Amino acid sequence: MPLVSVDLVVNQTFDYIIIGGGTAGLTLASRLSENPAWSILVLEAGNSHLGDHPLITRPGQYGMQITNPEYDWAFKTVPQKYCNNMDYLWSRGKGLGGTSAMNFSLWTLPPKEDIDNWEKLGNLGWNHKNYQKYSTRPVTYTPLDPRINPSVSAEALNVWSDAKTRGEGPLHITHPRRILDADIKMDQASFTLLNMGLNRSRAPYGGDTEGTYMVLNTVHPTLNSRTFAVTAVQECALQRSNLFVLTGAEVSKILSSNYSKSDNDLEATGVEFSYNNSPDLYQAHVRREVILSAGPDVLSNIGVEVKVPLDGVGENVQEHQFFGCSFELRDDYSEDTYDLLRDNTEREKHIKLYAGGQGIYTTGIVNVAVMPLKKITPDATVVYAAEEARIRQDIQQNKYPPGLAEQYKLQLEYDSTNALDCEIVSMSGASPGPSGLSTSQLSGAILTEFYLETDPPRPGKKYYTINAFANHNFSRGTIHSTSNDPRDCLAIDPHYFERDIDLQICIREFKYIREIAKMSPLKDIISDDPATMELNPGPEVETDEQIANWLKQSFSTGWHTVGSLSMLPKDKNGVVDPKLKVYGTKNIRVVDLSIIPLQFAAHTQATAYIIAEMAADIIKGVFVP
Ligand SMILES: Cc1cc2nc3c(=O)[nH]c(=O)nc-3n(C[C@H](O)[C@H](O)[C@H](O)COP(=O)(O)OP(=O)(O)OC[C@H]3O[C@@H](n4cnc5c(N)ncnc54)[C@H](O)[C@@H]3O)c2cc1C
């Protein structure tokens, strides 16, 4: 990694300055630095962590970095009006690699329709055809050698859609080498989810994602370690003398010159930043462009706040929320689950096993299923019709900001067909969702240390957790800075469950999870003691009202924030145009998930890499949306 010291940066001029060395930022930097005539500076607020191999690179330590200020910005939402005024923890990666250094490694792509919606909202060229072309650019896919785990069928492992390429990029993706019997029972042909009436996904990496599939992970096929934005840059751009990366550099302002409101053409001349938390401020200058890749929940005032007034900044925020139920496995379930890691001796043992490519740490999350609401409940039409009526009334009363009615129209049209609004993700070990993450004192790993006091796992028992995600929320949130100092706290307000449909969908997903646990063959490995089989919330939570209450105290952000600097026409509350340029500026772009105008049914890291790839080609003039 071409790390530099602060004196090589201060008052120097670069062709491009990228704010944020995270998932999208590092990917973009790596692509732009392919042109030796350009100098690229990346300013990352967090530290490099290049020596912290175990905490970042050993997979399977889900949530280990959560709330640790060295790795996690650990934002908090404002109290949520529709969730009994609870506030919720919003984790986001801090340090080189950004959130790709702390995520759960799932590599998933959205359905075609979700990406085509971006174009329908006024962004020519941002369609699935183009997205798909770029989707293999960041990665190299290595199939799992079937001899490693012969009980997994070749059909289940056959997820990669394009036989012509295994990808062209530096980020390695593969199936984790250890796949448990419980996972196989959940997913494989003729097994639990198929018995629930789902199909096997026809093209999970080709836009036809509906159904169940064994998901790829950002894991190295031979080293079994996490692959992320840093390992990707190290593979291809390590030696480039035109790439400069400064860590510990938190940007607080984009500098500009010659702005007059009439010409509406602000030109960025550089950035101002602090270094290693000192109060002093430094500057670096720019010849071509300043690019914001700092993530959707930072710099929401984009540092040029009053000069370019854009109503859409910090609006249209969309999230995924998720929750999980853990089920106790029968005593004769023989395989080691993540539960063992609650025991220090076992943890040490498995750290040693991992060094030899074995043991619990070589397990990953492998089961994902996405489906329309109608697949999980008979009353889907009623749920959508009720929301549609509310939206129609709101539109008549002019309640919406510009552009929102068009988004809802797409969401509802699609819902009457096949929107993949629901998702099931399962994994070994007791992880009562991240229940209790709304409290502020937590630290540790989700699978081994986060529990509601009311639902502790029983000592010596093993569990299997089924999580549900809500993929297309109707509620829209906001993220605004609370003062003119961008380093001040942000007011993050996702408006969770403001639209009743979001809660109604979660309630139905919850009931569906319980149905899955009763379906063979999964049910055959789950304890048959009704008092203990469901760790959380347990049999006493039964009515819709009880379920809703439990959900409100148990769900977590899915950490998939999008939309705060949406790519939309300016009169529809847009902040960037289809070339990702901030309206009213000559040379400021946004390249990260904040530009996404409408949420999609997939986890977000792949799309952060893909947007960076597309942006690099836009900047190079190769891709012209
Ligand atoms: C716990 C967790 C689990 C997840 N699991 C998955 C998963 O399994 N699969 C999946 O697809 N997605 C997952 N995600 C989400 C996914 O990883 C993120 O959506 C994605 O990585 C975000 O990429 P980004 O480039 O938009 O932002 P980031 O990668 O967050 O990059 C932003 C960078 O900007 C830096 N920065 C911020 N402010 C400043 C400033 N003022 N100056 C300089 N630098 C700054 C930050 O420190 C950070 O490094 C998970 C997220 C979390 C938190």
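Since the model is a prediction, treat every value here as computed from it, not as a measurement. Counting starts at 1 for both ligands and their atoms, in listed order.
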Looking at the rings of F555 and F323, which for Trp means the six-membered one, are their centres under 6.0 Å apart? no
For ligand 1, does A249 get within less than 4.0 Å through its side chain, its backbone, both, or neither, judged by non-hydrogen atoms? backbone
Below 3.5 angstrom, do we get any N/O pair linking G95 and ligand 1? yes
Q283 meets the side chain to side chain contact (heavy atoms under 4.5 Å, CB included) criterion, sequence neighbours left out, with N11, L255, E272, H285
Using distance alone, decide if ligand 1 has a nitrogen or oxygen within less than 3.5 Å of any nitrogen or oxygen in I66. no
Candidate list L41, L96, I18, test side-chain contact (heavy atoms from CB on, under 4.5 Å), partner V245, passing option: L96
Measuring from the heavy atoms of W73, does anything fall under 4.0 Å of ligand 1? yes
Ligand 1 N/O within reach of A606 N/O, cut-off under 3.5 Å: no
For G98, take its heavy atoms, then give the atoms of ligand 1 lying under 4.0 Å from any of them. 29 (O), 48 (C), 49 (O)
So which bit of S293 gets within less than 4.0 Å of ligand 1, heavy atoms only: side chain, backbone, both or neither? backbone
Carefully, step by step, assess E235 and V233 under the rule side chain to side chain contact (heavy atoms under 4.5 Å, CB included). CA-CA 5 Å; E235 286 238 346; V233 175; over 6 Å; no
Proximal atoms of ligand 1 relative to A24 (non-hydrogen, under 4.0 Å): 25 (O)
Sub-3.5 Å N/O-N/O distance, F104 and ligand 1: yes
Per-residue contact class, S100 against ligand 1 - non-hydrogen pairs under 4.0 Å: backbone
Is the distance from the ring center of F104 to that of W559 below 6.0 Å? yes
Interfacing atoms of ligand 1 (cut-off 4.0 Å, heavy-atom, A608): 23 (O)
State, yes or no, whether a side-chain contact exists between I479 and D493 at a heavy-atom distance under 4.5 Å. no
Atoms of ligand 1 close to I19 [distance to a heavy atom under 4.0 angstrom, numbered from 1]: 42 (N), 43 (C)
Short version for S105: what comes under 4.0 Å of ligand 1, heavy atoms counted, is backbone
Taking non-hydrogen atoms only, is L43 closer than 4.0 angstrom to ligand 1 via side chain, backbone, both or neither? backbone
For ligand 1, which atoms sit closer than 4.0 Å to a heavy atom of G93? 46 (C), 47 (O), 48 (C), 49 (O)
May I ask you to check whether H603 and F469 place their ring centers less than 6.0 Å from one another? yes
How about D7: does its CG atom have over 12 heavy atoms from other parts shown lying under 6.0 Å from it? yes
Salt bridge check: are D617 and R31 linked by an N-O gap of less than 4.0 Å? no
Classify the ring geometry of F623 against Y134: parallel below 30°, tilted from 30° to 60°, perpendicular beyond 60°. tilted
Do we see a donor-acceptor contact under 3.5 Å between the side chains of S594 and D592? yes
Does even one non-hydrogen atom of G63 get within less than 4.0 Å of ligand 1? no
For the residue pair Y354 and I360, establish whether any side-chain heavy-atom pair is separated by less than 4.5 Å. no
Of the listed options (T247, I18, D592), which comes nearest to atom 26 (O) of ligand 1 when hydrogens are ignored and any heavy atom counts? D592
Distance-only N or O hit between ligand 1 and K94, under 3.5 Å: no
Quick note on ligand 1: atoms under 4.0 Å from a heavy atom of S91 include exactly 53 (C)
Note: ligand 1 atoms sitting under 4.0 Å from heavy atoms of R92 are 22 (C), 27 (O), 28 (P), 30 (O)
